[in-house]
Amino acid sequence: MNINWKVRFNRTNIQFIVRFIGSLLIPILAYMGLRMEDVTSWPMLGHILLDFISNPYLIVLTIYSALNVIPDPTTAGVSDSKLAMQYIKPRNDKDFIE
């Protein structure tokens, strides 16, 4: 499984990072019947995290959700293409438009 992790979690790759964080938060909040607006304090967040780690089903569901964000849909399988493995920053389609 060759994935260019440096580019995926690069601070300039905000789109991927937001999608990955959403894939972690949304199953937790949805399963517990909460919305982002319901998390208004640190103690509330701590309570949610304790409920999360005590629920094996929810942990598996969240891991599955996060793993669905990782594969590059433009390549077969889970690995990045040989070209994508050579990137040092996320590719900008504007760089390739003539």
Side-chain angles (χ1 to χ4, degrees):
M1 182 161 97
N2 292 326
I3 296 177
N4 194 340
W5 294 108
K6 290 179 186 177
V7 172
R8 294 283 178 99
F9 286 100
N10 187 311
R11 62 187 162 136
T12 61
N13 197 358
I14 300 299
Q15 179 184 8
F16 174 77
I17 294 170
V18 168
R19 287 177 47 225
F20 187 77
I21 291 171
S23 71
L24 296 175
L25 293 178
I26 291 170
I28 297 168
L29 296 175
Y31 182 84
M32 294 181 180
L34 300 171
R35 297 181 317 240
M36 291 299 285
E37 298 86 30
D38 295 331
V39 185
T40 58
S41 67
W42 291 109
M44 178 63 153
L45 180 61
H47 179 69
I48 291 169
L49 289 175
L50 285 175
D51 287 348
F52 167 69
I53 61 174
S54 65
N55 187 333
Y57 172 75
L58 189 51
I59 290 173
V60 171
L61 183 67
T62 304
I63 290 170
Y64 183 77
S65 176
L67 289 176
N68 278 313
V69 176
I70 301 296
D72 180 356
T74 64
T75 61
V78 180
S79 298
D80 285 343
S81 67
K82 290 179 184 179
L83 179 63
M85 292 300 293
Q86 297 172 8
Y87 293 161
I88 56 173
K89 65 178 185 171
R91 183 180 126 182
N92 185 348
D93 287 332
K94 294 176 190 172
D95 295 337
F96 297 96
I97 297 173
E98 295 181 15

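Atom OG1 of Thr12 sits about 7.5 Å away from atom CD1 of Ile14, to the nearest 0.5 Å. Distance check, rounded to the nearest 0.5 Å: CG of Asn10 to CH2 of Trp5 gives 14.0 Å. Atom NZ of Lys82 sits about 9.5 Å away from atom CD of Gln86, to the nearest 0.5 Å. The distance from the CD1 atom of Ile70 to the OG atom of Ser79 is 12.0 Å, given to the nearest 0.5 Å. For the atom pair CZ of Arg11 and NZ of Lys89, the computed distance is 12.0 Å after rounding to the nearest 0.5 Å.
Applying the 6.0 Å contact sphere to CZ of Phe9 captures more than 12 heavy atoms from other residues, nucleotides or ligands.
Hydrophobic clustering, with ILVMFWY side chains joined whenever heavy atoms are under 4.5 angstrom apart, groups Trp42 together with Met44. Hydrophobic clustering (ILVMFWY, side-chain heavy atoms < 4.5 Å, transitive): Tyr64 and Ile28 are in distinct clusters. Residues Ile63 and Leu49 are members of one and the same hydrophobic cluster, defined by side-chain heavy-atom contacts under 4.5 angstrom among Ile, Leu, Val, Met, Phe, Trp and Tyr. Under the 4.5 Å side-chain heavy-atom criterion for grouping Ile, Leu, Val, Met, Phe, Trp and Tyr, Met85 is not connected to Ile88 through any hydrophobic cluster. Under a hydrophobic-cluster definition in which Ile, Leu, Val, Met, Phe, Trp and Tyr are linked whenever side-chain heavy atoms come within less than 4.5 Å, directly or via other members, Ile26 and Leu34 are assigned to different clusters.
Heavy atoms only, all atoms of each residue included: Asn13 and Val7 are closest at ND2-O, 3.2 Å. Taking each heavy atom of Pro27 and Gly22 in turn, the nearest pair found is CD-O, 4.0 Å. Across all their heavy atoms, Asn4 and Ala84 have their closest contact at ND2-O, 2.9 Å.
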Side chains of residues 50-58: which donor-acceptor partners sit under 3.5 Å, not counting sequence neighbours?
unit_1: Asp51; atom_1: OD2; unit_2: His47; atom_2: NE2; d: 3.2
unit_1: Ser54; atom_1: OG; unit_2: Leu50; atom_2: O; d: 3.1
unit_1: Ser54; atom_1: OG; unit_2: Asp51; atom_2: O; d: 3.0
unit_1: Asn55; atom_1: OD1; unit_2: Tyr57; atom_2: N; d: 3.1
unit_1: Asn55; atom_1: OD1; unit_2: Leu58; atom_2: N; d: 3.1
unit_1: Asn55; atom_1: ND2; unit_2: Tyr31; atom_2: OH; d: 3.4

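Contact annotation: the side chain of Ser23 never approaches that of Asn68 to less than 4.5 Å [non-hydrogen atoms, C-beta and beyond].
For the side chain to side chain contact (heavy atoms under 4.5 Å, CB included) test, residues two or more places apart in sequence or in another chain that qualify with Asp72 are Arg8, Thr74, Thr75, Asp80. The side chain to side chain contact (heavy atoms under 4.5 Å, CB included) search around Val60 returns none, not counting sequence neighbours.
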Could you walk me through whether Asp38 and Ile48 pass the side-chain contact (heavy atoms from CB on, under 4.5 Å) test, one step at a time? CA-CA 10 Å; Asp38 295 331; Ile48 291 169; over 6 Å; no
